[in-house]
Chemist: 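The following block contains the structure, expressed as structure tokens.
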Amino acid sequence: MTSGFTEQETIRRNSLNELIRLGINPYPPDTFEVNVKAAEIKKYYPADNSLYQQTSIAGRIMSRRIMGAASFVELQDESGRIQLYVKRDDICPGEDKTLYNTVFKKLLDIGDIIGITGYVFVTQMGEITIHAKSLTLLCKSLRPLPIVKEKEDAVFDAFTDPEQRYRQRYLDMIVNPEVRDVFIKRSILVNSMRNYLNAKTYLEVETPVLQPLYGGAAARPFKTHHNALDMVLYLRIANELYLKRLIVGGYDGVYEFSKDFRNEGMDRFHNPEFTQMELYVAYKDYEWMMELVEEMVEKIALDLHGTTQVKVGENLVDFKRPWKRFTMFEVIEHFTGINIDGKPEEELAGIAKELNVPIDRTMAKGKIIDQIFGEKCEPFLIQPTFITDYPVEMSPLAKKHRSKDGLVERFEAICNGKELCNSFSELNDPIDQRERFESQLELGKRGDDESMVLDEDFLRALEFGMPPTAGLGIGIDRLTMIMTNSQSIQDVLFFPQMRPEKRITG
RNA sequence: GAUUAGCUAGCUCAGCCGGUAGAGCAUCGCCCUUUUAAGGCGGGGGUCCUGGGUUCGAAUCCCAGGCUGAUCACCA
């Protein structure tokens with residue numbers, strides 16, 4: 001009673017000691033030779049029941065139905081579940097029935113990891129089952145698992161509390177196997193993207209996470225301190241400025257899967273750390289990059305689903321090329337009926353008010369336009385759509401438009417009402433770039449705490465000359481959410497950020 | 001940060017107008033050699049999120065705090 005253990009934990013610890021007393025190591029060091037996974041048996045056995053007559057399989061006990069001298073066990077491995085038939089006189093062929101009567105029936109529990117050998121058969125109820133010939137304990141579990149039961153399609157006592165699911169993701173994965181599928185899909189997605197980029201012979205690189213100046217995006221950073229250097233460092237909000245230095249250095253195509261950190265609010269679309277893939281390709285422009293994005297994302301959808309059509313909430317999103325394209329002004333006119341082209345700041349502020357779009361004094365022209373777009377257009381763009389040609393004020397790293405005054409060569413792809421990627425013809429004019437940084441400083445003075453800081457070394461790099469370059473940033477978490485029909489970013493991150501738990505019992 | 005909902009057994013939840021805490025699964029004991037939400041009989045298990053307050057008496061009412069979800073604001 002003074003142990004602090006619950007009743008069930010105490011019983012399991014007592015069982016553990018009893019196993020040791022019987023000479024059974026509850027955490028054996030030996031390898032256990034696994035020659036088949038549950039899903040494979042279920043897939044191939046029905047067609048050929050001469051298969052799997054000498055199986056060796058390992059996994060976690062998920063349920064037991066004990067009927068005296070014979071029992072059924074649900075075993076779960078990486079691939080899924082399969083039923084075991086454990087008969088006393090088969091796993092204990094001699095006089096000594098301890099392994100069945102005591103070890104299996106009394107000392108093993110749901111959650112323990114076992115290995116068995118045996119042969120596959122089909123029960124009278126028609127269930128593919130492994131008839132166990134031997135049973136080995138591979139790991140004793142000391143805490144009771146949440147018990148989820150199913151009958152046909154109904155689920156009973158589902159483990160659904162989001163707090164527990166995210167804090168104890170391992171439990172979530174054990175009892176909600178579809179969670180593992182999401183992360184398998186995420187891995188396929190990342191591989192698909194990487195394979196696509198490697199096939200184009202772009203170089204995967206790594207650049208600093210700890211940066212003395214944060215840049216490449218409009219966001220508030222995390223700040224930290226390096227003791228030996230006694231200096232402030234920031235966790236990167238983007239890797240853009242470093243990747244462009246690599247283009248200056250002579251690589252023609254570089255990309256990085258980049259963990260970025262932004263010190264801002266959290267909700268179902270935002271985690272303080274998130275993953276972006278950034279790509280920079282020399283001698284290309286944003287028009288070219290749009291085609292790359294279409295081709296790459298279409299391929300990812302095909303690699304994941306075998307089709308370009310993906311169910312996202314109530315919608316069926318189709319990534320088949322070509323995607324629709326609108327300019328920023330066109331799409332705003334489409335949704336509001338107002339052509340804002342060429343309108344000065346004061347007039348834009350009036351239009352925003354008319355449209356009930358909230359704005360404040362710190363917002364300059366570019367930000368007001370972005371705000372109108374964000375309120376009146378973006379949420380309604382469900383099918384993948386390119387929005388092009390953004391105001392220069394909100395794109396300090398993008399090249400001025402070749403023919404449209406006051407705009408830059410930039411696009412975003414919007415899908416399911418959210419930004420999927422951001423891209424531009426990169427600004428490589430060092431004099432223009434310096435002016436842009438300076439006007440960002442002005443915005444900062446005006447109160448915009450996300451305005452960019454001036455990076456002298458980046459300017460110095462540009463002054464040596466960067467070839468015309470197309471750049472892209474694509475949110476991996478967001479893309480995974482869409483591709484797996486997940487409602488929350490927490491569902492596509494193994495360990496979403498949480499406040500500390502007050503205490504962990506035991 | 002604001003609003004709002006929730007927090008009771010290992011899990012999922014009930015608990016009315018304040019009166020000493022309940023169910024199913026899990027667990028423990030017994031029975032059961034093709035079951036499948038296995039079944040039958042019997043038992044044990046609680047910091048009712050935390051701290052205050054009101055009251056003879058609080059899981060329940062009041063106040064403060066914690067954590068989580070949802071919505072909003074900032075952002076990808």
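Keep in mind it's a predicted model, so treat the numbers as computed, not measured. Chain letters run A, B, ... following the sequence lines, proteins first and then strands; every chain starts at 1.
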Chemist: May I ask you to verify if any side-chain N or O of A:Arg64 is less than 4.0 angstrom from the OP1 or OP2 atom of B:U36?
Modeler: no
Chemist: Just to be sure I understand the geometry, which residues of residues 489-498 of chain A put a non-hydrogen atom under 4.0 Å away from RNA chain B?
Modeler: A:Gln490, A:Met498
Chemist: With a 4.0 Å limit, can you tell me whether A:Arg499 has a side-chain N or O closer than that to the phosphate oxygens OP1/OP2 of B:C67?
Modeler: yes
Chemist: Quick one: list whatever passes salt bridge (Lys or Arg N to Asp or Glu O under 4.0 Å) with A:Arg436, sequence neighbours left out.
Modeler: A:Asp432
Chemist: Do any side-chain atoms of residues 368-379 of chain A form donor-acceptor pairs under 3.5 angstrom with protein atoms, and if so which ones, sequence neighbours left out?
Modeler:
| unit_1 | atom_1 | unit_2 | atom_2 | d |
| --- | --- | --- | --- | --- |
| A:Gln371 | NE2 | A:Pro358 | O | 3.3 |
| A:Lys376 | NZ | A:Leu355 | O | 3.2 |

Chemist: So does A:Gln164 get a side-chain nitrogen or oxygen closer than 4.0 Å to the phosphate oxygens (OP1/OP2) of B:C11?
Modeler: yes
Chemist: Taking pairing as Watson-Crick or G-U wobble with both contacts under 3.5 Å, can you name the mate of B:G57, or confirm there isn't one?
Modeler: none
Chemist: At less than 4.0 Å, is any side-chain N or O atom of A:Arg65 found next to OP1 or OP2 of B:A38? Yes or no.
Modeler: yes
Chemist: Has A:Phe274 got its ring stacked on B:A76, by the test of a centre gap below 5.5 Å and a plane angle below 30°?
Modeler: yes
Chemist: Ignoring backbone atoms, test whether A:Lys149 places a side-chain nitrogen or oxygen under 4.0 Å from the OP1 or OP2 oxygen of B:U36.
Modeler: no
Chemist: So, does A:Lys105 get its side chain near the phosphate of B:G29, meaning an N or O under 4.0 Å from OP1 or OP2?
Modeler: no
Chemist: Among B:A76, B:U35, B:A26, which is the nearest nucleotide to the side chain of A:Ile147?
Modeler: B:A26
Chemist: Does A:Gln371 place a side-chain N or O at less than 4.0 Å from the phosphate oxygens OP1/OP2 of B:C74?
Modeler: yes
Chemist: Using purine N1 to pyrimidine N3 plus N6-O4 or O6-N4 for Watson-Crick, or N1-O2 and O6-N3 for G-U wobble, each under 3.5 Å, what pairs with B:A38?
Modeler: none
